[in-house]
Every structure is written in C-alpha cells, then in structure tokens.
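Read the structure below first, then the notes.
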Amino acid sequence: MMAELNEKPKDWQAEVIVRLLDCLVTIARLGPEEQGRAPITMASRADEAVVEAVDFLEAHFTEAIGLADLAQRLHLSPSYLSRSFTKRMGMGIVEYQHHLRVEEACRLLRHSEEPIGRIAGMVGYDEVAYFSRCFRDQMGTSPREYRYAYKTR
C-alpha cells in the first residue's frame with residue numbers, strides 16, 4: 001500500500017474529493033422513487049418554502065440574492081426562512097449559494113479552458129480572491145490545483 005501511495009500524483013486527494021462529490025450530487029439529484037423510497041410529502045408551509053427557496057437558488061445561483069429578497073419572494077419573514085432553511089438543509093442559505101457556485105465552478109474547471117478569474121465571474125463572484133477562498137474552504141484545494149489534478153489524471 002505504501003508503494004501505491006508513493007506512486008500517486010501530488011494532488012490525488014483533490015481528484016478523490018471531486019469524484020466523491022460528483023457521486024453524492026448525482027445521488028442527491030435522484031428522485032425519491034429512484035432511491036427506493038416513497039415520495040416525500042410536504043406537510044408544512046416551511047417545508048414548501050424551503051423547496052421553493054432551493055429551486056429559486058438553483059436557478060439563480062450566479063445572482064446576488066439577499067435573505068430579505070428571498071423571504072419576500074416566498075412571503076415569509078427573513079428570520080423564519082433562515083431558521084427553516086438551516087433546519088431542513090443542514091446549512092444556511094449563503095452557504096448553500098456558495099455550494100452551488102463551487103459545484104458549477106468545478107464543472108467549468110474540468111470541462112473548459114476558461115481562465116479562473118473568468119470562471120469566478122461566471123459563477124457569481126466579483127472577486128477572484130474571495131472565489132478562491134470559498135473554493136478552497138469547500139474543496140480543500142485551490143481552483144488551479146483542482147484543475148491541474150483533474151487534467152493530469
């Protein structure tokens with residue numbers, strides 16, 4: 001096993017993380033029927049609002065969407081929406097926005113030759129440094145290292 005580890009490329013862990021995230025995203029996108037479970041019924045307005053919020057955020061993740069604007073769109077108070085979203089999704093709204101943006105950035109880094117600064121803008125970040133920090137926080141590697149690890153496999 002040690003010989004195998006020594007033969008791996010420098011940033012092999014980033015590639016493993018990418019493949020794992022791709023797998024998890026694919027599983028998460030499967031409907032309940034495909035996962036062998038009965039469909040989930042939304043029993044409360046909060047559940048419905050969180051589903052609506054997720055749908056809206058997924059469609060508009062490149063835009064700057066404030067909590068107040070999203071809450072107004074869903075006819076809820078900002079604090080109630082924030083609490084409900086965090087309770088049901090396991091992360092806050094801003095964290096979810098960053099997750100969506102980094103997920104798309106990973107796809108672009110793997111499948112395009114666009115410069116990293118341009119990719120940052122394409123996924124909704126005005127500053128490359130902030131994009132890089134958010135990317136590293138989620139992926140454990142920089143966008144450049146991520147791209148390199150994917151291209152050299």
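Under the salt bridge (Lys or Arg N to Asp or Glu O under 4.0 Å) criterion, Arg118 pairs with Glu114, not counting sequence neighbours. Partners of Gln97 by side-chain hydrogen bond (donor to acceptor under 3.5 Å, both in side chains), not counting sequence neighbours: none found. Taking the side chain to side chain contact (heavy atoms under 4.5 Å, CB included) definition, one finds that Glu63 meets it with His60, Ile65, sequence neighbours left out. In this structure, Glu95 has no salt bridge (Lys or Arg N to Asp or Glu O under 4.0 Å) partners at least two apart in sequence or on a different chain. Among residues two or more places apart in sequence or in another chain, the side chain to side chain contact (heavy atoms under 4.5 Å, CB included) test is passed with Arg88 by Ser44, Ala46, Asp47, Val50, Ser84. Residues passing the side-chain hydrogen bond (donor to acceptor under 3.5 Å, both in side chains) test with Arg83, sequence neighbours excluded: none. Residues meeting the side chain to side chain contact (heavy atoms under 4.5 Å, CB included) test with Arg147, sequence neighbours left out: Leu109, Ser112, Ile116, Ile119, Lys151. Judged as a ring-ring contact (aromatic ring centres under 6.0 Å, His included), and not counting sequence neighbours, the contacts of Phe85 are Tyr96.
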Return a table of donor-acceptor pairs under 3.5 angstrom between the side chains of residues 74-82 and protein atoms on other chains or two or more places apart.
from	atom 1	to	atom 2	distance (Å)
Ser77	OG	Tyr80	N	3.1

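For the atom pair CZ of Phe56 and CG of Asp69, the computed distance is 8.5 Å after rounding to the nearest 0.5 Å. Note that the CD atom of Glu58 and the NE2 atom of His99 stand 8.5 Å from one another [nearest 0.5 Å]. In this structure, CD on Glu52 lies 10.0 Å from CZ on Arg73, to the nearest 0.5 angstrom. The CZ atom of Arg133 sits 13.0 Å away from atom CD of Gln138, with the distance rounded to the nearest 0.5 Å.
Residue pairs meeting the side chain to side chain donor-acceptor pair (under 3.5 Å) criterion with at least one partner in residues 120-129, sequence neighbours excluded, are His98-Tyr125.
The shortest distance between side-chain heavy atoms of Met91 and Thr86 does not fall below 4.5 Å. Residues Ser132 and Pro143 have side chains in contact (heavy-atom distance under 4.5 Å, counting atoms from C-beta outward). Proximity of Leu57 to Leu70: side-chain heavy atoms (C-beta onward) are separated by under 4.5 Å at one or more points. Using a 4.5 Å heavy-atom cutoff, the side chains of Cys106 and Tyr150 are not in contact.
In terms of hydrophobic clustering, with Ile, Leu, Val, Met, Phe, Trp and Tyr side chains grouped at heavy-atom distances under 4.5 Å, Leu108 and Tyr146 are assigned to a common cluster. Phe135 and Val94 sit in two unconnected hydrophobic clusters of ILVMFWY residues. Membership requires side-chain heavy atoms under 4.5 Å apart, directly or through other members.
Judged by the 6.0 Å distance and 45° axis criteria, Arg101 is not positioned over the aromatic ring of Phe61.
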